[in-house]
Amino acid sequence: MITSSSMPLSPSLPRVGGQVLLLAALWWAADALSRWAHLPVPAGVLGLAILLALLFGGWLPVDGVRFGAQWMLTDMLLFFIPAAVATVRYGPMLRDSGLRLLAVIVVGNACVMAVTSIAVELLVRKGAPLRASRIRRILAGTRSATGD
């Protein structure tokens with residue numbers, strides 16, 4: 001039985017990269033098989049079935065894909081964000097207006113960050129005197145209650 005203590009704590013980049021490439025190759029093969037055989041099953045589902053068969057059949061050890069799969073799962077959000085879909089779908093528009101869009105995104109994010117920091121700073125400055133006076137009242141109440 002494989003335990004977590006038998007695994008290295010920090011896998012090497014080539015190992016993770018190789019495992020990710022293996023998983024990508026498996027998906028690519030499943031996609032080719034699905035298209036060739038005209039299967040009504042998406043390549044991702046077919047690839048998962050093939051991967052499970054390889055794992056349960058003992059042809060592929062779990063450690064052969066563990067770190068690559070963990071990396072992909074931890075960064076899965078990057079693979080499914082709508083911007084990635086838009087990049088694929090609107091490629092010609094990005095080629096024509098990509099730099100302008102990038103400038104709008106950068107300037108827009110900078111404006112949001114600036115306004116947020118100004119708002120937080122104003123709230124902290126306005127709230128600080130209120131907190132100080134409240135602390136003084138609390139301390140004054142405890143002194144009179146204790147007879148100080």
Side-chain angles (χ1 to χ4, degrees), residues 1-139 142:
M1 180 169 174
I2 299 172
T3 62
S4 60
S5 62
S6 66
M7 293 174 33
L9 294 176
S10 60
S12 65
L13 185 61
R15 183 175 184 181
V16 172
Q19 291 179 2
V20 169
L21 286 175
L22 174 69
L23 291 169
L26 182 64
W27 175 86
W28 181 81
D31 184 54
L33 177 64
S34 179
R35 289 175 192 263
W36 176 77
H38 302 290
L39 297 174
V41 179
V45 174
L46 185 59
L48 179 62
I50 294 169
L51 178 63
L52 287 173
L54 291 172
L55 289 169
F56 285 124
W59 295 295
L60 178 65
V62 174
D63 285 339
V65 292
R66 180 185 311 265
F67 293 118
Q70 283 177 340
W71 177 81
M72 289 179 76
L73 286 172
T74 56
D75 296 322
M76 192 61 73
L77 181 61
L78 297 176
F79 298 116
F80 287 107
I81 55 175
V85 174
T87 302
V88 172
R89 190 169 182 187
Y90 300 107
M93 181 184 74
L94 289 174
R95 279 190 289 278
D96 296 338
S97 305
L99 289 176
R100 285 182 277 180
L101 289 171
L102 181 63
V104 167
I105 291 169
V106 169
V107 170
N109 280 327
C111 288
V112 168
M113 290 168 42
V115 169
T116 302
S117 67
I118 291 169
V120 168
E121 186 67 28
L122 290 174
L123 287 172
V124 167
R125 285 183 186 175
K126 184 176 181 176
L130 293 175
R131 283 193 303 274
S133 65
R134 188 173 187 195
I135 291 171
R136 279 190 219 107
R137 277 190 307 219
I138 291 171
L139 289 176
T142 56

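Remember, it's a predicted structure, so these values are computed and weren't measured experimentally.
- The salt bridge (Lys or Arg N to Asp or Glu O under 4.0 Å) test applied to R100 returns no partner, not counting sequence neighbours.
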Got a list of side-chain donor-acceptor pairs under 3.5 Å for residues 42-62, not counting sequence neighbours?
none

Under 3.5 Å, sequence neighbours excluded: what are the donor-acceptor pairs made by side chains of residues 16-28?
unit_1, atom_1, unit_2, atom_2, d
Q19, OE1, F67, N, 2.8
Q19, OE1, G68, N, 2.6
Q19, NE2, D63, O, 2.9

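- For the pair S34 (side chain) and A30 (backbone), a donor-acceptor distance under 3.5 Å is absent.
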